[in-house]
Trainee: 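Mind having a look at this structure? Questions to follow.
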Amino acid sequence: MLAWLLACCAGNGWAVAATVTTVADANSAVISLQLDATAFAPERIKVAVYLPQDYDSSAASGRHYPVLYANDGQDMAAVGLQATLAQLYRQHAIQPVIVVAIDMLADRASGYGLSDRSTSRSLVGGSPIGPIGTRAQEYSAWVATQLVPYIDAHYRTRRSVRDRAMLGWSLGALNAFNLGWQYPDVFGRVGAFSPSFWLATDRSNATAIEHTRLVQGMVDRGGKRAGLKMWFAVGTAEENSDRDGNGIIDAVNDVQDVIEGYRGADGFHEGGLKQLGYSVNLDYARHPSRRTDIALFLLQGGRHNQAAWKQMLPPFLLWAYGKH
């Protein structure tokens, strides 16, 4: 059954075109929105809101739900979001959650990057495809200060920090980390699948990359964000590159360094999350404890693609919303 709704919402400059789709076999609804964001005009940002199975039932009329925000919303079918949620709900394994999936911008590499909230600027890094994150400040601020209040105003959400999470993969995971790090007063949980922690300001050689990785520097110079918890996942076959020749691919090494800190053969070192006082679980796959602040899940044989992220999704949801 399809119900087509068109509405304009006054205040905050939001103009919203909403399509509500009720999926009968899952007894749930997906609401499609197009939201204005001044910084990206005339482009409008597409958002899909996945409501829990019981959201519209009379029994749940007074119930409020945690919210999972996710980058790369256009990938939700490919990573099996609805099927995974349905299975976990049938198993009574997780609590119901509202998922807000944000489609990528037309220029994905501009928004999915890092920012400095204190100075209101983007932290731009280089890559083989050009600059990454030139609009990251605008995008991150929009998500944290406009999208979140909009969702809270229109849906029955839990509004505490610990009940909001941010998810992403690849560059989207880089930005998910950024949102948690820069806005710990908004997001209390982060899920980062295959995060692009290789982003650096100087890519002239391997040593320069190691010394100028942006996320590593952010953590080294930052303080602990009280209450923030993060779940990282990386595939062991995402690439072949090994900059420092230590036998560990860069995709894994970059995340390990952010967690445990980095010390190079030349004596250069930068601290990680562990040095800031976060408790760490480096083997979540074999020891899936939810007690630590930081968890690392290594997907054996996982590549840098949607098939791997589909496999990472269930353990992340169990970590974030598990009942046990």
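Values below: all heavy atoms of this structure, side chains included; hydrogens, waters and symmetry mates excluded.
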Trainee: Which heavy atom in Ala101 sits nearest to a heavy atom in Tyr50, and how many Å separate them?
Mentor: CB-CE1, 3.9 Å
Trainee: Starting at CG of Asp257, measure out to NE2 of His269 and round the result to the nearest 0.5 Å.
Mentor: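 Output value for this atom pair is 13.5 Å.
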Trainee: Do the charged groups of Asp163 and Arg158 touch, with an N to O distance under 4.0 Å?
Mentor: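 A salt bridge links Asp163 with Arg158.
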Trainee: Does Arg189 count as lying over the ring of Trp231, i.e. NZ or CZ under 6.0 Å from the six-ring centre, within 45 degrees of the axis?
Mentor: no
Trainee: Say you draw a straight line from CH2 of Trp181 to CZ of Phe187; how long is it, rounded to the nearest 0.5 Å?
Mentor: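 Here the interatomic distance stands at 16.0 Å.
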Trainee: Taking all heavy atoms of Leu199 and all of Gly126, pick out the closest pair and write down the distance.
Mentor: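 Shortest heavy-atom contact: CD1-O, 3.7 Å.
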Trainee: Regarding Asp116 and Arg221, does a basic nitrogen lie under 4.0 Å from an acidic carboxylate oxygen?
Mentor: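 No, no charged N to carboxylate O under 4.0 Å.
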Trainee: Got a sec, which residues hit ring pair (Phe, Tyr, Trp, His ring centres under 6.0 Å) with Tyr65, two or more places apart in sequence or on another chain?
Mentor: Tyr55
Trainee: With a 3.5 Å cut-off and no angle check, do the side chains of Asn281 and Ser289 form a donor-acceptor pair?
Mentor: no
Trainee: Is it the case that Arg164 places NZ or CZ above or below the six-membered ring of Tyr183, under 6.0 angstrom from the centre and within 45 degrees of the axis?
Mentor: no
Trainee: Can you tell me if Ser194 and Glu238 form a side-chain donor-acceptor pair at under 3.5 Å?
Mentor: yes
Trainee: Is Arg203 atom CZ crowded by more than 12 heavy atoms from other residues, nucleotides or ligands, each under 6.0 Å away?
Mentor: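 Yes, the 6.0 Å shell around CZ holds more than 12 heavy atoms from other groups.
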Trainee: Taking His304 as the fixed residue, which of Trp169, Phe193, Trp198, Trp309 is the one that meets the ring-ring contact (aromatic ring centres under 6.0 Å, His included) rule?
Mentor: Trp309
Trainee: For Arg213, is there an ion pair with Asp254 - N to carboxylate O distance below 4.0 angstrom?
Mentor: yes
Trainee: Does the side chain of Arg121 come under 3.5 Å of the side chain of Thr119 through a donor N or O and an acceptor N or O?
Mentor: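 Note: Arg121 and Thr119 side chains meet the donor-acceptor criterion.
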Trainee: Looking at Gln306, is its backbone amide N or carbonyl O close enough to the side chain of Asp75 to form a donor-acceptor pair, meaning the two atoms are under 3.5 Å apart?
Mentor: no
Trainee: So, taking the atom named CG in Leu174 and the one named OH in Tyr112, what distance separates them when rounded to the nearest 0.5 Å?
Mentor: 11.5 Å
Trainee: Could you check whether atom CG of Asn240 has more than 12 heavy atoms from other residues, nucleotides or ligands sitting under 6.0 Å from it?
Mentor: no
Trainee: Students often mix this up, so state it plainly: with edges at 30° and 60°, are the rings of Tyr262 and Phe268 parallel, tilted or perpendicular?
Mentor: tilted
Trainee: With a sphere of 6.0 Å drawn around CZ of Arg159, does it hold more than 12 non-hydrogen atoms of other residues, nucleotides or ligands?
Mentor: yes
Trainee: Could you point out which residue of Val190, Leu273, Ile294 forms a side-chain contact (heavy atoms from CB on, under 4.5 Å) with Leu228?
Mentor: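 For Leu228, the side-chain contact (heavy atoms from CB on, under 4.5 Å) test succeeds with only one of Val190, Leu273, Ile294, which is Val190.
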Trainee: Can you list the residues that meet the ring pair (Phe, Tyr, Trp, His ring centres under 6.0 Å) rule with Tyr155, with sequence neighbours excluded?
Mentor: none
